[in-house]
Peer 1: 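Encoded as structure tokens, here's the structure I'll be asking about.
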Amino acid sequence: MGRGPRKRAKAAAAAATQAAATKETGPEADAEPSEPAPKKRRRQAEAGEESGDEMLTVDRAASRLSRWAEDEAKQQRWLESRGGGLEGRLEENGASILRLRDFLPLDMAECVLTLLKSLPEEAWELSQRSEKEAAQHRFASADVMDIPQLAPLRSVFWKLLPSLHGEPTLPIFSAGRYGEADYIGRHDDKAHVPFFDGNTIYSRTVAAIWYLTKDWDESDGGQLEDLEEGPDDPNRRLVPIFNSLVVFKVPHWHAVTAVTAKRPRYSIFGWWHQKGKRYDLDASTEGGKAKKPKVIKRRKKKPMQGAVSAA
Ligand SMILES: O=C(O)CCC(=O)C(=O)O
Ligand SMILES: [Fe+2]
């Protein structure tokens, strides 16, 4: 899912830079001077307007993201300030869904949101399935490796969880955009993914979603539903709060409720994979959203330090 030809994505990304450069010079919306900031931001977001604090150019956002992704020492310091990478948190957490507020720097969340908003329509691929037997879903996605400005995210996610239980991981992350009524039905994220030559099978072992829409609340829908919590448990429905990261071990039953807002719900979502078939796939997984038949090829240029490289 979400893996268009690179040429198309590159052209789309160039068009994005152009489109956003034009948009950012536009005037700020007229607003009552006394209008409270969150209310103003929400009204502007609903009207598709930029707010004053979103005057980040696409070029600046892309260069800040790539500078941060390349600065290993800075990322390390950041992670240490957060108590280390994700492995320890996952171990402490057991089988439940882990929710981390502000786990990644706010500045990076702002940059990535700017980049996501600037992507032209042709960069997004619609993923849709409505047959009864499979995981039903509808939303748009784009592989971060197909969008040059977002590609540095892969190494950031790799550093969050380079290994689990002493075995290396391979991250594959995508941008997600849910429009009005978009959703995902009940599913557990299980998938066997062929890497490299097509004969090396990896399994998704950990899932993460980094939420990137501001001022989202319960009334906007698009909540992550943890189907392994009881129906009345307060943790069953998670509102996708800006710059929060949700992480869980695969398999885990979950769903995304239909978006009711008239503005997009943006995220970066994906999985860390580990070698081998770690579980059996059931019929619904084989026919559903999780199926990824494309072989993940070895990358020739700029392999990630210390990781087995993959596209
Ligand atoms: O966006 C979310 O909250 C969850 C996404 C998800 O479950 C998936 O893409 O498999
Ligand atoms: Fe999922």
Side-chain angles (χ1 to χ4, degrees), residues 65-66 68-105 108 112 143-145 150-175 188-210 244-252 254 267-281 285 290 292 294-311:
L65 174 63
S66 83
W68 192 71
E70 280 164 17
D71 192 337
E72 306 241 343
K74 209 169 183 179
Q75 270 177 80
Q76 214 45 52
R77 281 199 301 279
W78 173 268
L79 269 188
E80 277 157 24
S81 78
R82 291 289 177 271
L86 292 174
E87 183 165 15
R89 303 293 189 102
L90 276 165
E91 289 317 312
E92 277 161 31
N93 201 55
S96 41
I97 292 188
L98 179 63
R99 136 110 2 132
L100 300 162
R101 294 270 193 113
D102 300 317
F103 193 70
L104 286 154
M108 289 305 114
V112 176
D143 190 317
V144 299
M145 296 310 286
L150 293 176
L153 280 176
R154 185 160 187 262
S155 72
V156 170
F157 276 91
W158 178 70
K159 286 191 193 81
L160 295 180
L161 189 66
S163 64
L164 184 65
H165 303 143
E167 292 177 63
T169 63
L170 286 175
I172 299 182
F173 278 80
S174 298
D188 62 6
D189 278 357
K190 281 198 295 195
H192 292 157
V193 182
F195 273 80
F196 313 130
D197 53 4
N199 296 321
T200 316
I201 300 296
Y202 278 65
S203 303
R204 291 175 179 170
T205 53
V206 178
I209 310 114
W210 184 25
S244 65
L245 184 74
V246 154
V247 190
F248 54 89
K249 286 190 180 161
V250 175
H252 191 104
H254 60 287
S267 61
I268 298 291
F269 70 94
W271 299 270
W272 289 270
H273 300 71
Q274 290 181 285
K275 205 169 180 177
K277 292 189 174 177
R278 309 252 166 165
Y279 35 66
D280 289 333
L281 301 184
T285 309
K292 277 241 182 192
K294 187 177 185 290
V295 175
I296 310 297
K297 298 238 172 64
R298 211 173 271 281
R299 286 176 78 71
K300 293 211 174 70
K301 278 203 212 147
K302 272 189 103 178
M304 281 187 303
Q305 246 188 336
V308 187
S309 54

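In what follows, residues are counted from 1 in the order of the sequence shown.
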Peer 1: Should the pair R82 and W78 be classed as cation-pi, given the thresholds of under 6.0 Å to the six-membered ring centre and 45° from the axis?
Peer 2: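 Yes, cation above the ring, under 6.0 Å and within 45°.
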Peer 1: In Å, rounded to the nearest 0.5 Å, how long is the span from CG of L100 to CZ of R89?
Peer 2: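 Going from the CG atom of L100 to the CZ atom of R89 covers 5.0 Å.
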Peer 1: From Q75 CD over to K159 NZ, what is the distance, rounded to the nearest 0.5 angstrom?
Peer 2: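 If I round to the nearest 0.5 Å, the distance is 4.0 Å.
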Peer 1: Counting C-beta onward and ignoring hydrogens, is there a side-chain heavy-atom pair between R154 and F173 closer than 4.5 Å?
Peer 2: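 Answer no - side chains too far apart.
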Peer 1: In sequence, state the C-alpha distance, the side-chain angles, and the governing distance for L98 and L245, and then conclude on side chain to side chain contact (heavy atoms under 4.5 Å, CB included).
Peer 2: CA-CA 8 Å; L98 179 63; L245 184 74; over 6 Å; no
Peer 1: Do S203 side-chain atoms and G276 backbone N/O form a donor-acceptor pair below 3.5 Å?
Peer 2: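 Indeed, once roles are kept as given, a pair shorter than 3.5 Å links the two residues.
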Peer 1: To the nearest 0.5 Å, what is the distance between CG (L164) and CG (L86)?
Peer 2: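 So the gap between those two atoms works out to 10.0 Å.
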Peer 1: Check whether R204 reaches the backbone of D189 with its side chain - one donor and one acceptor, N or O, closer than 3.5 Å.
Peer 2: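 Yes, the answer is positive, given that a donor and an acceptor are paired below the 3.5 Å cut-off.
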Peer 1: May I ask you to decide if K277's main-chain N or O and Y202's side chain share a donor-acceptor pair within less than 3.5 Å?
Peer 2: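 Absent.
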Peer 1: Sequence neighbours excluded, which residues qualify as ring pair (Phe, Tyr, Trp, His ring centres under 6.0 Å) partners of F248?
Peer 2: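 Ring pair (Phe, Tyr, Trp, His ring centres under 6.0 Å) list for F248, sorted by chain: H252, H254.
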Peer 1: Do the rings of W272 and F157 sit parallel, tilted or perpendicular, given the 30° and 60° boundaries?
Peer 2: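 W272 vs F157 ring planes: tilted.
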Peer 1: Using modelled atom types and a 3.5 Å cut-off, is there a donor and acceptor pairing between side-chain atoms of H192 and backbone atoms of Y279?
Peer 2: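 At least one qualifying donor-acceptor pair exists.
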Peer 1: Roughly how far, to the nearest 0.5 Å, is the CG atom of L153 from the CG atom of L65?
Peer 2: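 If we round to the nearest 0.5 Å, L65:CG and L153:CG are 5.0 Å apart.
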Peer 1: Could you go through W210 and V156, starting from their C-alpha distance and side-chain angles, then the distance that decides it, and tell me whether this counts as side chain to side chain contact (heavy atoms under 4.5 Å, CB included)?
Peer 2: CA-CA 12 Å; W210 184 25; V156 170; over 6 Å; no
Peer 1: Kindly say whether L161 contributes a backbone atom to a donor-acceptor pair with the side chain of E87 at under 3.5 angstrom?
Peer 2: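 Not at all, since once roles are kept as given, no pair shorter than 3.5 Å links the two residues.
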Peer 1: Working to the nearest 0.5 Å, report the span between CD1 of I172 and CH2 of W271.
Peer 2: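 The CD1 atom of I172 sits 9.0 Å away from the CH2 atom of W271.
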Peer 1: Check whether any side-chain N or O of Q274 sits under 3.5 Å from a backbone N or O of E167 as a donor-acceptor pair, and report yes or no.
Peer 2: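 Such a contact is found between Q274 side chain and E167 backbone.
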Peer 1: Calculate, to the nearest 0.5 Å, the distance between atoms OG1 and NZ belonging to T205 and K275 respectively.
Peer 2: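 If we round to the nearest 0.5 Å, T205:OG1 and K275:NZ are 14.0 Å apart.
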Peer 1: Identify the heavy atoms of I209 and S267 that sit nearest to each other, and give their distance.
Peer 2: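 So the minimum-distance heavy-atom pair works out to CG2-CB, 3.8 Å.
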Peer 1: Between K190 and D280, is there a donor-acceptor pair closer than 3.5 Å when you use the side chain of the first and the backbone of the second?
Peer 2: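 Yes, because the side chain of K190 sits within donor-acceptor range (under 3.5 Å) of the backbone of D280.
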Peer 1: Could you give me the CA-CA distance, side-chain angles and deciding distance for V246 and F103, then say whether side chain to side chain contact (heavy atoms under 4.5 Å, CB included) is met?
Peer 2: CA-CA 10 Å; V246 154; F103 193 70; over 6 Å; no
Peer 1: Does some side-chain heavy atom of H273 sit less than 4.5 Å from a side-chain heavy atom of R278?
Peer 2: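 Result no, sub-4.5 Å side-chain heavy-atom pair not found.
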